[in-house]
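FYI, the numbering just counts along the sequence from 1. Keep in mind that the numbers below use all heavy atoms, side chains included, and drop hydrogens, waters and symmetry copies.
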Amino acid sequence: MCRVSRVRTEEKSPDRLIALSDGIFAIAMTLLVLDIHVPTGLGVDGFRGAVGDWLPKLGAYALSFTILAGFWRDHRRILHMIQRVDALSERLTLAGLGVIALVPFPTAILSEYASRPLAVAFYALTIAVVDVLQLALFLSVREQLVADHPLAGRAGRNIVADLSATILVFGATIPIAFVSPVAAMWSWLVLAPVKMTIGRHFATE
């Protein structure tokens with residue numbers, strides 16, 4: 001009976017989900033670089049042209065790597081909040097990881113077709129969906145926290161505000177992309193000062 005109880009306890013522990021999450025994030029972040037390659041046998045002019053082709057790919061790589069790194073940090077932080085995984089948090093985690101694993105695909109499309117509205121909108125939608133699932137996961141496990149838990153108060157409100165800001169910015173740029181893909185991509189930079197403002201606000205609250 002003791003062994004059965006121990007197995008059930010291990011199954012409810014977030015450790016396995018954390019390990020799975022780390023693996024999927026690592027794979028997704030690694031796959032981002034596979035889109036960057038150099039053709040062989042290039043002459044001087046061909047090489048110069050290839051350098052110009054690298055820039056959007058490197059930009060898309062840097063953007064997605066930074067976003068995934070932030071998702072990974074927040075995801076681990078959320079899962080470390082709980083001692084037991086329930087069915088809802090497990091489903092939300094797996095759904096989020098499913099979209100995370102997809103990120104290299106819209107990143108590759110963005111790097112090749114940044115001037116196409118659908119490519120930019122698809123990328124923004126993917127990031128917004130990940131954030132929605134992260135926020136849903138946080139809100140679902142937040143209910144398990146005791147009132148004096150650090151993430152039940154100011155820090156928790158900070159996470160909600162941070163995730164909500166990302167959802168709003170990327171969500172708002174989906175329709176913008178169909179008017180001006182360039183304007184939509186530049187709009188993503190708004191997140192930097194917004195997140196800094198949110199961080200300062202809750203630090204002084």
Side-chain angles (χ1 to χ4, degrees), residues 20-77 93-135 137 162-199:
L20 175 63
S21 301
D22 287 347
I24 290 179
F25 271 101
I27 292 171
M29 295 165 87
T30 302
L31 289 176
L32 293 174
V33 79
L34 296 183
D35 190 47
I36 305 173
H37 59 276
V38 182
T40 59
L42 294 175
V44 175
D45 292 337
F47 182 78
R48 289 175 180 170
V51 171
D53 294 336
W54 298 341
L55 295 180
K57 294 180 184 294
L58 288 171
Y61 164 78
L63 173 65
S64 291
F65 189 93
T66 301
I67 290 174
L68 286 180
F71 283 153
W72 172 76
R73 178 201 62 207
D74 293 339
H75 194 72
R76 283 183 61 88
R77 191 179 183 188
T93 298
L94 293 175
L97 292 176
V99 185
I100 288 293
L102 181 68
V103 169
F105 175 56
T107 301
I109 293 177
L110 183 70
S111 68
E112 292 287 348
Y113 303 101
S115 61
R116 305 288 180 86
L118 190 57
V120 177
F122 180 43
Y123 185 88
L125 176 63
T126 302
I127 302 305
V129 169
V130 175
D131 257 298
V132 167
L133 292 170
Q134 289 266 59
L135 180 58
L137 175 62
D162 187 88
L163 291 173
S164 299
T166 306
I167 294 169
L168 290 173
V169 170
F170 276 94
T173 58
I174 294 173
I176 294 175
F178 290 97
V179 178
S180 172
V182 174
M185 289 187 288
W186 278 107
S187 298
W188 297 339
L189 297 179
V190 173
L191 268 178
V194 168
K195 286 178 176 287
M196 289 177 61
T197 301
I198 290 174

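Residues L63 and L110 have side chains in contact (heavy-atom distance under 4.5 Å, counting atoms from C-beta outward). Taking 4.5 Å as the limit, some side-chain heavy atom of L20 sits within range of a side-chain heavy atom of L94. Residues L97 and F25 meet the side-chain proximity criterion, which asks for heavy atoms closer than 4.5 Å.
The two residues S21 and H75 have their closest heavy-atom pair at OG-NE2, 3.1 Å. Shown here for T173 and A124, the closest heavy-atom pair between the two residues is OG1-CB, 3.6 Å. Residues S115 and P181 come closest through the heavy atom pair O-CG, 3.5 Å.
Between atom CG of residue L118 and atom CD1 of residue I109 there is a gap of 8.0 Å, rounded to the nearest 0.5 Å. Distance check: T93 OG1 to Q134 CD gives 8.5 Å after rounding to the nearest 0.5 Å.
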Between side-chain atoms of residues 98-106 and protein atoms elsewhere (two or more places apart, or another chain), which donor-acceptor pairs fall under 3.5 Å?
none

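Qualifying side chain to side chain contact (heavy atoms under 4.5 Å, CB included) partners for Y61, counting only residues two or more places apart in sequence or in other chains: L32, V33, I36, F65. Listed by chain and number, the residues in a ring-ring contact (aromatic ring centres under 6.0 Å, His included) with Y113 amount to none (sequence neighbours excluded). In this view, D74 satisfies the salt bridge (charged side-chain N to carboxylate O under 4.0 Å, His left out) rule with no residue, not counting sequence neighbours. Qualifying side chain to side chain contact (heavy atoms under 4.5 Å, CB included) partners for L125, counting only residues two or more places apart in sequence or in other chains: V129, I174. Under the side chain to side chain contact (heavy atoms under 4.5 Å, CB included) criterion, L168 pairs with no residue, sequence neighbours left out. Legend: residues meeting side chain to side chain donor-acceptor pair (under 3.5 Å) with R76, ordered by chain and number and at least two apart, are D22, H80. With sequence neighbours left out, F170 forms a ring-ring contact (aromatic ring centres under 6.0 Å, His included) with W188.
Within the structure, salt bridge (Lys or Arg N to Asp or Glu O under 4.0 Å) contacts touching residues 166-179 (residues at least two apart or in different chains) do not occur. Annotation: salt bridge (Lys or Arg N to Asp or Glu O under 4.0 Å) contacts involving residues 162-185, sequence neighbours excluded, comprise D162-K195. Within the structure, side-chain hydrogen bond (donor to acceptor under 3.5 Å, both in side chains) contacts touching residues 116-132 (residues at least two apart or in different chains) are S64-Y123. For residues 177-187, there are no side-chain hydrogen bond (donor to acceptor under 3.5 Å, both in side chains) pairs, not counting sequence neighbours.
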